[in-house]
Amino acid sequence: MSLIVAATLSGMWVARRSAGKAGMLLVIASGLLLTTAAVDILPDAWHDASAVGLSGWVVIGVSALGYGVMTVFTRNGCGCDADLAPQVVGAHAPGRHRKMKEAAGAISVGMGAATALTVHRVVEGSAVVLDFSLPVILALVIGSVSDGLALATLLQESHQRLAPWAVMACASPALGVLITSLSPLPAPALPLALSLVAGVILRIAWVGLRLAAKKRAKGQLPRWQIVTAATAIALTAAFMIAH
């Protein structure tokens, strides 16, 4: 557990230290979330659903549900400026309600990412109990770095406090270990939870990429940062696929 906690905190530290490269971090964080959902979470959900006799369509349907619900909360967050969330607007200022809705959309992106990643890390903690091996531990450590980076980046982008979610992110794998050790979840619950989390993460990744594209249009995301982000995402995806 200490390795996983250290890896999570290191990812957060990188995000905090590189705050001046917000556009690149958004691309990396969103790409890592997309990769995690498509390469790691959804295949696991499909495999676990098949093992307990659930149709693959259930996985697709629950993922779509998670995506749809998150879309409702982030529908105004796709194009918002980063400084909308903390902005205080006059009670009768023109466009006040639109700006408030955009700020709420930005906040929902950060909160949604934090919640989904926390749930996902609880499931990852249970993997330590079910399959304690060096490859699993290594995969969890690498995944924890990307989780910490994505979490800190999206919370920073929506101007929310990192500390409470950092504590939850670090504690959630241990909670997964505790739950699995004391009373494992019913078999169908795991693939359903994974499917829901995957849908939420896919939506958050899409919103993050839209925000990065807006920064690119404003000239805040140089080409070299895009290349650097794409390389980091490709290397992580290759590791996940190999694992």
Side-chain angles (χ1 to χ4, degrees), residues 6-41 67 70 74-87 102-103 105-114 116-117 120-121 139 141-163 165-166 169 198 200-243:
T8 304
L9 293 176
S10 68
M12 294 177 181
W13 180 82
V14 169
R16 300 285 287 188
R17 292 285 294 179
S18 307
K21 300 180 177 65
M24 183 178 70
L25 289 179
L26 266 177
V27 175
I28 293 176
S30 302
L32 291 176
L33 289 175
L34 183 63
T35 301
T36 299
V39 177
D40 184 17
I41 302 177
Y67 189 98
M70 199 61 205
T74 60
R75 62 187 182 276
N76 299 302
C78 294
C80 61
D81 293 326
D83 57 352
L84 276 175
Q87 183 176 0
E102 289 178 345
I107 291 171
S108 295
V109 172
M111 294 285 286
L117 286 173
H120 176 226
R121 288 170 64 80
V141 169
I142 298 297
S144 293
V145 175
S146 65
D147 286 350
L149 176 65
L151 184 61
T153 299
L154 291 170
L155 287 175
Q156 188 169 275
E157 186 69 17
S158 55
H159 296 274
Q160 297 173 76
R161 292 180 60 197
L162 174 61
W165 290 104
V200 171
I201 287 180
L202 285 172
R203 171 61 186 178
I204 293 167
W206 172 246
V207 172
L209 290 174
R210 289 285 300 275
L211 290 171
K214 191 172 183 67
K215 290 182 181 294
R216 172 66 174 169
K218 291 180 177 181
Q220 299 173 353
L221 183 58
R223 184 179 297 274
W224 73 266
Q225 291 188 5
I226 296 176
V227 173
T228 301
T231 302
I233 294 166
L235 290 174
T236 304
F239 173 81
M240 288 183 177
I241 292 172
H243 173 260

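Listed by chain and residue number, Arg121 satisfy the side-chain hydrogen bond (donor to acceptor under 3.5 Å, both in side chains) test with Thr8 (two or more places apart in sequence, or in another chain). With sequence neighbours excluded, the residues forming a side chain to side chain contact (heavy atoms under 4.5 Å, CB included) with Ile226 are Arg216, Leu221, listed by chain and number. With sequence neighbours excluded, the residues satisfying side chain to side chain contact (heavy atoms under 4.5 Å, CB included) with Leu9 are Val5, Met12, Cys170. Residues forming a side chain to side chain contact (heavy atoms under 4.5 Å, CB included) with Thr35 (at least two apart in sequence, or on another chain): Val39, Ile233, Ala237, Met240.
Note that CD1 of Ile201 and OH of Tyr67 are 13.5 Å apart. Values are rounded to the nearest 0.5 Å. Taking CG from Leu32 and OG1 from Thr236, the interatomic distance works out to 5.0 Å, rounded to the nearest 0.5 Å. To the nearest 0.5 Å, atom CZ of residue Arg210 and atom CG of residue Leu26 are 13.0 Å apart. Here the CG-CD1 distance, from Leu34 to Ile204, works out to 12.0 Å after rounding to the nearest 0.5 Å.
The two residues Ala37 and Ala198 make their nearest non-hydrogen contact at CB-O, 4.1 Å.
You'll find the side chain of Arg16 stays beyond 4.5 Å of the side chain of Trp13, heavy atoms only.
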